[in-house]
Amino acid sequence: MKSSVVAALGCLAGSALGHGQIQNFTLNGAYNQGFILDYYYQKVNTGHFPNVAGWYAEDLDLGFISPDAYTTPDIICHKNAAPGAATATAAAGSTIVFSWGPGPWPHPYGPILTYVAQCSGSCTTVDKTSLRWVKIQESGINYNTQVWAQQDLINQGSKWTVKIPSSLKPGNYVFRNEILAAHGASSQNGMQNYPQCVNIVVTGSGTKSLPAGTPATSLYKPTDPGILFNPYTTITNYTIPGPALWQG
Ligand SMILES: *[C@@H]1O[C@H](CO)[C@@H](O)[C@H](O)[C@H]1NC(C)=O
Ligand SMILES: *[C@@H]1O[C@H](CO)[C@@H](O)[C@H](O)[C@H]1NC(C)=O
């Protein structure tokens, strides 16, 4: 009773603030459970929650990390994040579809990025500060239509599709899908980062190792041109935040 009341309040707060998390994802169509807020309340009330490939996080308001926290570990995989106790499995070249929820994604401005980091052992026990991130997908604004990636996310029913690079060699990886909601980005600290992580064991016949990668705490600065900018004008030169895209 208590747990469901608290969970319901959490959902109300979430929809009122209009935020979200990756609640599940598919790998070539196969369903995988992500982390949901109910698990947080199950952990508080019973000490346990299901083993899932989605990372645990305490984004209880389904909220965001702001630029003044870019150098803290919360930017890695959201607030007080910890590795998921399970892993999903997919071959290199597979299609990941991340489902953001609960409810439709509300913010139409800003880019969507995806990173991957390799774990030296199992990702279920990895030290998150040891992860070095490589960007494998970036989507900003279409200059012709002025439509941002986040409007595309909304149009796709809050689902975001990413391909695991076909050349990526087998191993244990954390995938990090991140929405940067830019509706307040004209003010310093106005950008809203929503990073979410999942564990995937990549199989298949890829041969390429990731390049060196970047600690999450060095990905962005509050004054980067794609972090602090006016979204309410015709955009002709948006600089997508973060390190260079790896093409595999
Ligand atoms: C997956 O997550 C989305 C977003 O919250 C939700 O709408 C959908 O019902 C979930 N799918 C399942 C099978 O639980
Ligand atoms: C666009 O270019 C102008 C002039 O160089 C610069 O001041 C501005 O920060 C750039 N905007 C973005 C979003 O990169």
Side-chain angles (χ1 to χ4, degrees), residues 20-28 32 34-35 53-55 57 59 64-65 70 75-78 81 83-84 87-101 105 107 110-119 123 126 128 131-141 148-154 156-169 171-182 191-202 206 208-216 218-220 224 226-227 238-248:
Q21 60 185 177
I22 292 175
Q23 301 206 308
N24 54 66
F25 61 102
T26 59
L27 293 168
N28 280 355
N32 293 276
F35 187 79
W55 276 46
D59 43 330
F64 51 87
I65 305 298
Y70 282 171
I75 191 63
I76 303 172
C77 295
H78 222 303
T87 52
T89 302
S94 297
T95 297
I96 313 175
V97 179
F98 295 109
S99 277
W100 285 81
W105 185 258
H107 302 304
I112 301 179
L113 316 176
T114 306
Y115 296 84
V116 61
Q118 187 163 20
C119 305
C123 293
V126 74
K128 64 184 177 181
L131 295 169
R132 298 292 178 266
W133 298 95
V134 173
K135 195 196 275 166
I136 56 165
Q137 175 272 319
E138 60 183 15
S139 184
I141 188 169
W148 285 98
Q150 262 159 87
Q151 182 64 54
D152 294 334
L153 175 77
I154 292 168
Q156 293 157 16
S158 307
K159 294 186 197 315
W160 194 250
T161 300
V162 179
K163 190 180 171 187
I164 300 176
S166 303
S167 61
L168 185 61
K169 75 170 190 190
N172 301 322
Y173 296 94
V174 182
F175 285 75
R176 176 181 182 278
N177 184 217
E178 182 178 36
I179 297 177
L180 284 78
M191 182 61 95
Q192 302 184 347
N193 293 58
Y194 297 80
Q196 298 274 296
C197 295
V198 303
N199 295 330
I200 301 177
V201 173
V202 174
K208 288 206 178 158
S209 300
L210 291 176
T214 307
S218 302
L219 289 175
Y220 315 119
D224 285 347
I227 297 291
Y238 183 66
T239 308
I240 293 182
L245 186 68
W246 185 58
Q247 307 278 8

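Keep in mind it's a predicted model, so treat the numbers as computed, not measured.
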**Request:** To the nearest 0.5 angstrom, please state how far the CG atom of Leu210 sits from the NZ atom of Lys169.
**Result:** 8.5 Å
**Item:** Gln118 to Gly171 - nearest heavy-atom pair and separation
**Value:** NE2-CA, 4.1 Å
**Request:** Check whether any side-chain heavy atom of Ile22 sits under 4.5 Å from a side-chain heavy atom of Ser99, and report yes or no.
**Result:** no
**Request:** Report the residues that fulfil side chain to side chain contact (heavy atoms under 4.5 Å, CB included) with Lys163, sequence neighbours left out, ordered by chain and then residue number.
**Result:** Ser166
**Asked** What is the minimum heavy-atom distance between Ile65 and Pro195, and which atoms define it?
**Response** CG1-CD, 4.1 Å
**Side chain proximity check, Val126 to Leu131, heavy atoms < 4.5 angstrom** = yes
**Fill in**
Trp133 meets the side chain to side chain donor-acceptor pair (under 3.5 Å) criterion, sequence neighbours left out, with none
**Request:** Tell me, please, which residues at least two apart from Ser94 pass side chain to side chain donor-acceptor pair (under 3.5 Å).
**Result:** Asn28
**Message:** Minimum heavy-atom separation for Cys123 and Asn172, please, with both atom names.
**Reply:** SG-C, 3.5 Å
**Message:** In the structure I gave you, are the side-chain heavy atoms of Cys77 and Phe35 within less than 4.5 Å of one another anywhere?
**Reply:** no
**Message:** Quick check: closest heavy atoms across Leu245 and Gln137, and the distance to 0.1 Å?
**Reply:** CD1-N, 3.3 Å
**Pair Phe175-Val162, side-chain contact (heavy atoms from CB on, under 4.5 Å): steps then yes or no** = CA-CA 10 Å; Phe175 285 75; Val162 179; 5.8 Å; no
**Message:** For a 4.5 angstrom cut-off between non-hydrogen side-chain atoms, does Ile112 reach Asn177?
**Reply:** yes
**Message:** Using only atom types and a distance under 3.5 Å, with no angle test, would you say the side chain of Lys208 pairs donor to acceptor with the backbone of Gly248?
**Reply:** yes
**Request:** Begin with the C-alpha distance, continue with both residues' side-chain angles, and end with the deciding distance and a verdict on side-chain contact (heavy atoms from CB on, under 4.5 Å) for Ile200 and Ile96.
**Result:** CA-CA 10 Å; Ile200 301 177; Ile96 313 175; 3.8 Å; yes
**Message:** Any non-hydrogen side-chain atom of Trp160 less than 4.5 Å from a side-chain atom of Gln150?
**Reply:** no
**Complete:** Applying side chain to side chain donor-acceptor pair (under 3.5 Å) to Tyr220 and not counting sequence neighbours gives Tyr115, Glu178
**Request:** Measure up the Trp148 and Tyr238 rings against each other and bin them: parallel (under 30°), tilted (30 to 60°), perpendicular (over 60°).
**Result:** perpendicular
**Prompt:** Which distance, rounded to the nearest 0.5 Å, do you find between the OH of Tyr194 and the NE2 of His107?
**Reply:** 4.0 Å
**Item:** Nearest-0.5 Å distance, CD of residue Gln151 to CD of residue Gln156
**Value:** 10.0 Å
**Asked** Rounded to the nearest 0.5 Å, what separation is found between the OG1 atom of Thr26 and the NZ atom of Lys159?
**Response** 7.5 Å
**Prompt:** Is there side-chain contact between Phe64 and Asn193, with heavy atoms separated by less than 4.5 Å?
**Reply:** no
**Prompt:** What do the steps show when you test Asn199 against Tyr173 for side-chain contact (heavy atoms from CB on, under 4.5 Å), and what is the final call?
**Reply:** CA-CA 6 Å; Asn199 295 330; Tyr173 296 94; over 6 Å; no
**Request:** Hey, could you give me the OG1/CD1 distance between Thr95 and Ile164, rounded to the nearest 0.5 Å?
**Result:** 8.5 Å
**Prompt:** Are Val174 and Val116 close enough that some pair of their side-chain heavy atoms sits under 4.5 Å apart?
**Reply:** no
**Fill in**
Heavy-atom closest pair (Ile240 atom, Ser139 atom, distance to 0.1 Å) is CD1-C, 4.1 Å
**Request:** Kindly write out the residues that satisfy salt bridge (Lys or Arg N to Asp or Glu O under 4.0 Å) with Lys135, not counting sequence neighbours, or none if the list is empty.
**Result:** Glu138
**Heavy-atom closest pair, residues Asn32 and Ala88** = OD1-CB, 3.3 Å
**Request:** Would you mind reporting whether Pro241 and Pro111 have side-chain heavy atoms less than 4.5 Å apart?
**Result:** yes
**Item:** Trp100: ring-ring contact (aromatic ring centres under 6.0 Å, His included) partners, not counting sequence neighbours
**Value:** Trp105
**Message:** Return the CD1 to CG distance between Ile179 and Leu113, rounded to the nearest 0.5 Å.
**Reply:** 10.0 Å
